[in-house]
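Below is one structure, written out as structure tokens; comments come after it.
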2 protein chains.
Amino acid sequence: MKWDALEEEPCSLARTVAVIGDRWSLLILRECFLRIRRFDDFQASLGITRHLLADRLKKLVRFGVLRKIPYQEAPKRYEYILTQKGLDLYPIIMSIVHWGNIHMVDARGRPLLHEHKSCGKMFDPVMVCSECGEPLSAKHVHVHPGPGVRRSSPLHASARERTKRNAEQA
Amino acid sequence: MKWDALEEEPCSLARTVAVIGDRWSLLILRECFLRIRRFDDFQASLGITRHLLADRLKKLVRFGVLRKIPYQEAPKRYEYILTQKGLDLYPIIMSIVHWGNIHMVDARGRPLLHEHKSCGKMFDPVMVCSECGEPLSAKHVHVHPGPGVRRSSPLHASARERTKRNAEQA
DNA sequence: ATTGACAGTTCTAAAATAGAACTTATGGTC
DNA sequence: GACCATAAGTTCTATTTTAGAACTGTCAAT
């Protein structure tokens, strides 16, 4: 499958993966949330090749996640800053960091701690239901087809039916 | 940078990206949460090449996200099911889906809707502070170095200092 | 005039991925 | 017994992506 095809999938996860689903994009975005804004700073901070950094920044701008803002004329220089669409990625970043904190830390413990300025405490992110406020887990969620579903898609179609068959036989 | 180096970074995001930060792993995990369990079902559902699917499943098992469970002898066959570590990825999956729902859907609307069985309503996931319960946004969070931070790391070190310099000059 | 900062671009070699065919083990059908 | 199907991979070559380093263009300061 090509990357371009991913953008067209009738699946919100696939379409988001088209934006952030490579090795570097999420790391670049982490730096953005840590207030890194300039090309050479990204490069020094991440150890990414300049070639790929240029390519990924271009992609993130194209998707509207970052915006180029001039910070000097002559020579023209730009900073890359998060748009609202980019800021909205924060829950994704935080849930990834949290999973790593729980499952991937070594003996030394967490690399970073997060303080919630509103309440002044160190916190972990918790994902809750928008309607009742209870914490979410996979087993309490049921999935329904929405208006944008496409039946003929390779995703969600054939394999699910086969698996249902398997389940019924068991 | 090599994938192996990513696992060793003193950054919970980088270490999680080492597990799920490629084009296919998240898509495979989505299928897991939709109760796909078998090799050929993953393959038919995703259109991934068999080679890569075998490789990714192996990786996810190695990281303890999936577990192989035999479902028949002669010939020996296995299903891939989520471990608790894998189930804990649910907030990541849901926040990705939600971002796609908000920012990447086309005119037809959302491909899937989510019902919270506990309260019976269609919901969106919301990320809140574990201490005060308020919704989180990047601007209300302050980051502190934790016990596992490494100062000499290429990540978080040089570029941040340079950027601080830049900020001070401005 | 030379050096350094900044933001890229260009180049070659190495690694990862796509796409298709092949393998192994078994059970059922003609 | 020969043939086909199922399931879970493995192997193969061609293409694409990435790594790593060097190079370019613009300007400011020394």
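Chain letters run A, B, ... following the sequence lines, proteins first, then strands; residues in each count from 1. Just so we're clear, the structure is a prediction, and the values are computed from it rather than from any experiment.
- Scanning both residues, Leu60(A) and Val19(A), for their nearest heavy atoms gives CD2-O, 4.1 Å.
- Atom P of nucleotide dG9(D) and atom CD of Glu79(B) are separated by 12 Å, given to the nearest angstrom.
- Per the geometry, CD belonging to Gln72(B) stands 19 Å off P belonging to dT24(C), to the nearest Å.
- Proximity of Lys58(B) to the phosphate of dT10(D): a side-chain N or O atom is located under 4.0 Å from OP1 or OP2.
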Compile the donor-acceptor pairs under 3.5 Å between side chains in residues 93-102 of chain B and protein atoms, sequence neighbours left out, one pair per line.
residue   : atom : partner  : partner atom : Å
Ser95(B)  : OG   : Ser95(A) : OG           : 3.2
Ser95(B)  : OG   : Pro91(B) : O            : 2.9
Ser95(B)  : OG   : Ile92(B) : O            : 3.0
Trp99(B)  : NE1  : Lys85(A) : O            : 3.0
Asn101(B) : OD1  : Ser12(A) : OG           : 2.6

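- Ranking dT17(C), dC6(C), dA7(D) by closeness to the Leu52(B) side chain, first place goes to dT17(C).
- Side-chain nitrogen and oxygen atoms of Tyr80(B) include none within less than 4.0 Å of the OP1 or OP2 phosphate oxygen of dA7(D).
- Here Met122(A) is tied into one hydrophobic group with Leu113(A), each link being a pair of ILVMFWY side chains closer than 4.5 Å.
- Ile36(A) has its CD1 atom 16 Å from the C1' atom of dA7(C), to the nearest Å.
- For DNA chain C, no neighbouring residue in residues 16-24 of chain A is found when judged by any heavy atom under 4.0 Å.
- Positionally, the nearest nucleotide of DNA chain D for Tyr78(B) lies more toward the 5' end than for the other of Tyr78(B) and Ile48(A).
- Whole-Å rounding puts the Leu57(A) CG to dT9(C) P distance at 11 Å.
- dA7(C) atom P lies 10 Å from atom NZ of Lys68(A), rounded to whole Å.
- The ring pair (Phe, Tyr, Trp, His ring centres under 6.0 Å) search around Tyr78(A) returns none, not counting sequence neighbours.
- Under a 4.5 Å side-chain heavy-atom criterion applied to ILVMFWY residues, the cluster that includes Ile69(A) comprises Ile81(A) as well.
- The interatomic distance linking Leu6(B) (CG) with dA16(C) (P) rounds to 13 Å, in whole Å.
- Under the side chain to side chain contact (heavy atoms under 4.5 Å, CB included) criterion, Asp106(A) pairs with Arg108(A), Arg15(B), not counting sequence neighbours.
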Would you give me the side-chain donor-acceptor pairs under 3.5 Å for residues 128-149 of chain A, sequence neighbours excluded?
residue   : atom : partner   : partner atom : Å
Ser130(A) : OG   : Asp124(B) : N            : 2.9
Ser130(A) : OG   : Asp124(B) : O            : 3.1
Ser137(A) : OG   : His140(A) : ND1          : 3.1
His144(A) : NE2  : Glu115(B) : OE1          : 2.6

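- For Leu53(B) and dA8(D), the CG to P distance is 10 Å, given to the nearest whole Å.
- In this view, Ala54(B) and Phe39(B) satisfy the side chain to side chain contact (heavy atoms under 4.5 Å, CB included) rule, not counting sequence neighbours.
- Two residues are said to be in side-chain contact when any heavy atoms from C-beta on lie closer than 4.5 Å; Arg23(A) and Asp22(B) fail this criterion.
- Candidate nucleotides dT10(D), dT9(C), dA7(C) were compared by shortest atom distance to the side chain of Arg38(A), and dA7(C) ranks first.
- For the pair Gln43(A) CD and dT9(C) P, the computed distance is 14 Å after rounding to whole Å.
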Worksheet item: How would nucleotides 20-30 of chain D be written as a contact map, 5' to 3', with B for base contact, S for sugar-phosphate-only contact and - for no contact, using protein heavy atoms under 4.0 Å?
Response: B-B--BBS---
